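Data first, discussion second: the structure below is written as structure tokens.
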Protein chains: 4
Amino acid sequence: MKIDKNKIIDLNKDIETKHLIQLDSIANQLQHKDIDGQDIIKKLKIFQVAIPSWALGAGGTRFGRFSFGGEPASLEQKIDDIGIINTLTNTAGAVSLHIPWDIPKDYNGIKEKAASYNIVFDAVNSNTFQDQPDANESYKFGSLSNINKAGREQAIQHNIEVINIGKKLGSKSITVWLADGANFPGQNNFQKALKNTQDSLQQIYQSLPNDWKMFIEYKPYEPNFYSTVIQDWGTALMLAESCGDRAYTLVDLGHHLPNTNIEQIVATLLYKGKLGGFHFNDSKYGDDDLTVGSIKPYTLFLIFNELVYGMENNPQNPDLAWMIDASHNAKDPLEDLIQSLEAILIAYAQALLVDQNKLREAQEAQDIVTCQEILQDAYRTDVRPLVRESRLQAYAAIDPLATYRALNVRKNLIKERGKKSTATGL
Amino acid sequence: MKIDKNKIIDLNKDIETKHLIQLDSIANQLQHKDIDGQDIIKKLKIFQVAIPSWALGAGGTRFGRFSFGGEPASLEQKIDDIGIINTLTNTAGAVSLHIPWDIPKDYNGIKEKAASYNIVFDAVNSNTFQDQPDANESYKFGSLSNINKAGREQAIQHNIEVINIGKKLGSKSITVWLADGANFPGQNNFQKALKNTQDSLQQIYQSLPNDWKMFIEYKPYEPNFYSTVIQDWGTALMLAESCGDRAYTLVDLGHHLPNTNIEQIVATLLYKGKLGGFHFNDSKYGDDDLTVGSIKPYTLFLIFNELVYGMENNPQNPDLAWMIDASHNAKDPLEDLIQSLEAILIAYAQALLVDQNKLREAQEAQDIVTCQEILQDAYRTDVRPLVRESRLQAYAAIDPLATYRALNVRKNLIKERGKKSTATGL
Amino acid sequence: MKIDKNKIIDLNKDIETKHLIQLDSIANQLQHKDIDGQDIIKKLKIFQVAIPSWALGAGGTRFGRFSFGGEPASLEQKIDDIGIINTLTNTAGAVSLHIPWDIPKDYNGIKEKAASYNIVFDAVNSNTFQDQPDANESYKFGSLSNINKAGREQAIQHNIEVINIGKKLGSKSITVWLADGANFPGQNNFQKALKNTQDSLQQIYQSLPNDWKMFIEYKPYEPNFYSTVIQDWGTALMLAESCGDRAYTLVDLGHHLPNTNIEQIVATLLYKGKLGGFHFNDSKYGDDDLTVGSIKPYTLFLIFNELVYGMENNPQNPDLAWMIDASHNAKDPLEDLIQSLEAILIAYAQALLVDQNKLREAQEAQDIVTCQEILQDAYRTDVRPLVRESRLQAYAAIDPLATYRALNVRKNLIKERGKKSTATGL
Amino acid sequence: MKIDKNKIIDLNKDIETKHLIQLDSIANQLQHKDIDGQDIIKKLKIFQVAIPSWALGAGGTRFGRFSFGGEPASLEQKIDDIGIINTLTNTAGAVSLHIPWDIPKDYNGIKEKAASYNIVFDAVNSNTFQDQPDANESYKFGSLSNINKAGREQAIQHNIEVINIGKKLGSKSITVWLADGANFPGQNNFQKALKNTQDSLQQIYQSLPNDWKMFIEYKPYEPNFYSTVIQDWGTALMLAESCGDRAYTLVDLGHHLPNTNIEQIVATLLYKGKLGGFHFNDSKYGDDDLTVGSIKPYTLFLIFNELVYGMENNPQNPDLAWMIDASHNAKDPLEDLIQSLEAILIAYAQALLVDQNKLREAQEAQDIVTCQEILQDAYRTDVRPLVRESRLQAYAAIDPLATYRALNVRKNLIKERGKKSTATGL
């Protein structure tokens, strides 16, 4: 199923008047503060977030999975789904593939299809947390950190293969997430596991093309429940530094212990020039992988505040690879992703409202009350008209969710693909 | 120092036009959704939050305290301070006294002073977590739960004395917070400590006037670091039920373990008709006692969503006693309280925007995406014009913080009271 | 595969001398403290823990599952596996069935097989967290709490069916664990979900035979990640009380928020006479379902300290239903269960060493240092000779793990069942 | 008060026989495992832990403090108290001073007194979390990270002064703990605060004598409740590396977020050769500063397991500076410290029992069950006879706590110093 742009334009017309009144109101408000609304809209319009190929079907937990009809059963259909989202939102112009789930059979065909939706190939992802049917070595007790050389070697080769697949598609980066760790004290020698991981990453790095980046992800627990080899940003940074200039850390919002101040981690990594990628989701307990902004929207704003600051003040840090990494256990995955993209743009717009000069002055005056007022003023502003306008200007939907429903997308997908199609992924 | 209402009215004039444009805009927006903005403003206007008498000076931690100039050194000055806040915000029309820190010397004088600011006397608070110089028994190892009858008896008598003081002032409730607990395994016999606490509370309840309520507070840790006698809402509810109809639980936002779903606790207690009081603050780690809404404003909104629902649907539950219970370690306490009151009204206004009928329909249709949209739509709305209007209509300040600063309140207080005055309290 | 008792007796002989020397040493030590070692051994010998039928195969996470060879593919084989553990340890004399995974085809055959291993049928467990292929209603959005009557009705009938199956096997209790909850704010009306759950449980309770008990389990999160309907012991207790005298709460060690003082919850429930069942496991982060005692053995001891106290002092509370509820993601499930049973007996034995009289005296004297010394003295004692002796006297293995390995049990199971058999369960 | 060694020797005699029987039993047990008990005893005998000068009086919380009689009112008396503990335990042969609380008036006198108790001067500690009466700049909004140069400069000079005081006493290291951070989002510019801290530490490092080490401590929260400048080990390591070879991180057990795997951090820092110091305490919730080993003794053992491994395998890491950093809110401080020292030696002895060769073999064989058995076997062994023997051989008390009480130490201290003396410190 492909969405006809003209239908979006038609549906936009019904709410355009109402939208423009609200836009006018916020624009005036911003003008009083010497903020140029159009400038913000421009930034929103070009902001692109990758959709992971594994998150277009229903997610699940260890307790089971509730299927959703019309799931994409092939890489082609996954690209189609992202095309739908991108056409509606203008923000989903990239896909992040997961190997071996998404090895293209027809590279040119896939590239053409993606191009037809204005979708580029972002970071490729390796999988060393599951055993493949034909594998010689098991990852049950680790991959890049495995105590056995053969296990490590297999995992290294897999990552190199992933790079090679990515090269054919135009990707420019690989994300390495390790499930490696231990379920019980004593299972791993921490120092050896760390050293093995470092050696393995360095070998993968040797195969990294010169215009590629490597992103090293960290996570404190799950699927291992006593320790993980790359438990926190400090470990990921240490490993990235040991590899070289093009190795970076990747922050996934759900990969932190309770109460962690994530925005400070973001700031520190930007300061070091070592923040490479960013995985959006939200959570209340652990790596819950919920819709972005659904639980802690203020934290999301505070993180974007650091990101905006860093994008303006940290030339030592490269452009970031943005991706949504959520799981859709109960919602229609496409609706869920639309809600996530909305939350991301809202937080970004709010952060763009922060008057960095006034904030600096208040910080220098040690006027905490005013510092808080500045952030809260930005956050409390209803920036949705700006977000909507950024879409309207790009011929995407003013209200993507309502449009998605008005166009009966899911119903059509089920008609095309059936009720029982299942997407590869978690 | 007493603020001249006319000065507020003057200062309001400067920003009234801008305010009215924004009010108009939001009113139109709400009208499209069949929401009567004036109705919400009316509810905001009558919403009153008590200020605790112990939170008008600088707070501190076990690592020390940084003084603030012009702190109130007497109960009279504390009432003056609350008067300032109430005059500016129209929301601080009550005081919650802490005994023995605030025993009035001149009851009539205090009552008259409070009345002059439209301040009533809300719940009185007992203190059995510190030893008084003249005390026979120490609370080092517990008060109402003490293994020794004499210790318990002293604590019971103190609570009865607090009730008697409250009666003279027009209070209608007492809040019992216990620091009782243990620092080490084995220190307490859990069952005996619980039973002693229950017996003690029942004895206090015997002395409770018929038109009074007793609020039982819970807290998982601090100042005891292994266990507390009333560790959670379940224990507080059990104790309240063992006392009688006029005993209720009290929820303090900071008194929960990491990741607790507080809004569900609020809903459960309302359902049982046993939610009596509410202490506002915010926190990232423990009982941090930060400015309301400064860390997790969405959670505050979700809690208000349950409160609004309960106020409309749970006649079995009494009117709630609202209080701010924050500590002001780094900010001017009065500015901090103004920021807290603003955050409370914003969250309340947002919750009032939730279309409960549509939400019920979406819930019945198991349309999670729409459920989320309804809550987020309310939350993302900039309700500040409604909040400002509720103050303007009450001849309070459109912008209380700016007015506070324009009137040089703190400077005047320092002039009156000196730089080194110290308020009793934590 | 069935273990020949004589082989165990033979293997015991090799280490009996060494064992008896150690037993003698600890017995002397205890005698100095007026503790009768034989009395403790007697208590250990009769202590029985149920093995859940779903935990005999490899567990997994949402990220995948690593198979284990020789898994039991039928209920008969599951009973065989528990038979192996019980023969080796003398502590696994019960099985807890999960319906619909374990509906017997031949009731008499199953009962005879179980009896041949001295295994009784403990609590039966219902499953309303997964949809069955032939189900009319989906539990995707809840079961006993479902907003739709038809969904609730199906879940109620399933529970009644589970009771009926249990009756045929000699079970005397049912455990109700609900996955019900919400992934997002707004998804559920908390009050309605609670009320529906209460009504449903009451209906199940109506079908409960007079000599049966119902256990209500609580859990704060997973598989729902915003809220669960029965989030904590307070809610479970409230529901149990609303059902009647034979409804109890069930504590699963992994079902608590970070830092919860579980031993105090245990004490409170015993005090109320409402603790019915107990699920053992261990965890560092969430419901990690690790081997009992592998992460926080001191907490396990402190919990047993409350259990021993309650068993002696709370006649209002019934005998407890003990069960291991762990997941075996990386270990041989049978070895894992043997390690869990060992940890349980050790903690129980240590708790039996606590001199309750001296502890009471120290508590009354508010001598915290001595209170701690008493608990630590018990905990630091090496009670393993007592545990081993309790097995030796029952003709089970002094060292069950070494015996299991010496007898090549897993190898034989793989030979019998193949490398790819898969157990039903999580 | 000074303890007469002969009295200890006398009291030892009463329990020596019983002790030797137990020692004999454990020695035999160890011999079976080819472990030389005497070798372990030797290591225990020379293990020394510094006592901080600020922890000899009653601690407190922000809710108050319950005094203890006979507290040391001068530095001399503090040294006397540590002398008591060292005489009883043979493990407290060092003191860690806190400036400005403990600036000696008579350097030679203090050094002689300490020497008379075999006490050396370990790391000195600076204090930039409280304002001194005569200070020009306030640390309310930060010290080494302060936005204002004058504030930073004052804090740098203070640290240099602390080094100079330490030089006169024979200290060889300084510990820098910063309370710097923010209570509210926006208060600090994270990047600037980090950069300022780095610059300040580098300046202090310039003044570090060549044979000194600098320890940089981290802590996630308290007394600041939104962020701290050095929030975790990753930040501390980054700062240490930016200073130079003699700058190290310091791990305080209580300074971690919930569920942190501390033993892995220890292993990582040892691997990097950057673990300098170690502060012992225990906690359930936050930085509770409870008696070492009173809450999570198994974690303490696991940490010691890494420390023992590192001391044997990481020549790149220097000898560690050990210190107890606990607060004594409810116990006699000296008794509390004796209990802490006992817990430390027990964990150390257990860790020394771990058969590192067998553990490595099991790890290489990916035999998780055996890995766990090896650690648990060591942990479950009752090593107290070894600990007692290490004291007996040093003419210290077999049972220091009983001896402390038998000698009426506290009573004598109260007689000497009065009931109301107060120690400087928290």
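What you see is a predicted model, and the numbers here were worked out from it, not measured in a lab. Below, read A as the first sequence line, B as the second, and so on, with proteins coming before strands; counting in each chain starts at 1.
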Options [options], ranked by heavy-atom pairs under 4.5 Å with chain A, top entry:
options                         : value
Trp233(D), Phe184(D), Tyr298(D) : Trp233(D)
Gln264(D), Gln363(D), Gln366(D) : Gln264(D)
Glu364(D), Gln231(D), Gln372(D) : Gln231(D)
Asn183(D), Thr228(D), Ile374(D) : Thr228(D)
Pro220(D), Gly142(D), Ala267(D) : Ala267(D)

Exam field: side chain [X] to backbone [Y], donor-acceptor pair closer than 3.5 Å:
X         : Y         : answer
Glu263(D) : Ile303(D) : no
Asp377(A) : Glu373(A) : no
Asp282(A) : Lys296(A) : yes

Donor-acceptor pair between Gln154(D) and Tyr139(D) side chains, under 3.5 angstrom: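 The criterion, which ignores hydrogens and geometry beyond distance, is satisfied for Tyr139(D) and Gln154(D).
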Asp232(D) versus Thr235(D), side-chain donor and acceptor atoms under 3.5 Å: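 There is such a pair (donor and acceptor under 3.5 Å, judged by atom type) between the side chains of Thr235(D) and Asp232(D).
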Non-hydrogen side-chain atoms of Met238(D) and Leu237(A) separated by less than 4.5 Å: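 Met238(D) vs Leu237(A): side chains touch.
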Examine whether an atom of [X] lies under 4.5 Å from a heavy atom of chain A, and if so say whether it belongs to the side chain, the backbone or both; otherwise answer neither.
X         : answer
Asn146(D) : side chain
Tyr309(D) : side chain
Asn314(D) : side chain
Asn189(D) : both

Interface residue of largest heavy-atom contact number with chain D, from Gln187(A), Gln191(A), Lys272(A), under 4.5 Å: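 The option with the most such pairs is Gln191(A).
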Straight-line distance of Leu194(A) CG to Lys192(A) NZ, nearest 0.5 Å: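 Those atoms lie 13.0 Å apart.
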Ser143(A) OG to Gln130(A) CD distance, which is reported to the nearest 0.5 Å: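 Here the rounded value is 12.0 Å.
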Intermediate values then yes/no, side-chain contact (heavy atoms from CB on, under 4.5 Å), Tyr379(D) and Leu375(D): CA-CA 6 Å; Tyr379(D) 179 69; Leu375(D) 290 194; over 6 Å; no
Charged N-O contact under 4.0 Å between Lys140(D) and Asp131(D):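 Judged by the 4.0 Å cut-off on N to carboxylate O distance, Lys140(D) and Asp131(D) do not form a salt bridge.
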Aromatic ring proximity, centroids under 6.0 angstrom, Phe215(D) and Trp177(D):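 That pair fails the under 6.0 Å test.
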Parallel, tilted or perpendicular: rings of Phe278(D) and Phe280(D) (30°, 60°):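 Taking Phe278(D) first and then Phe280(D), their aromatic rings sit tilted (interplane angle of 30° to 60°).
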Qualifying residue, where the test is salt bridge (Lys or Arg N to Asp or Glu O under 4.0 Å) with Lys219(D) and the options are Asp180(D), Asp287(D), Asp289(D):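 Going through the options one by one, the only one that passes is Asp287(D).
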Positions in residues 248-258 of chain D that reach chain A, provided some heavy atom is under 4.5 Å away: Leu257(D), Pro258(D)
Interface residues of residues 195-202 of chain D facing chain A - non-hydrogen atoms under 4.5 Å apart: Lys195(D), Gln198(D)
Atom CG of Asn313(D): over 12 foreign heavy atoms under 6.0 Å: yes
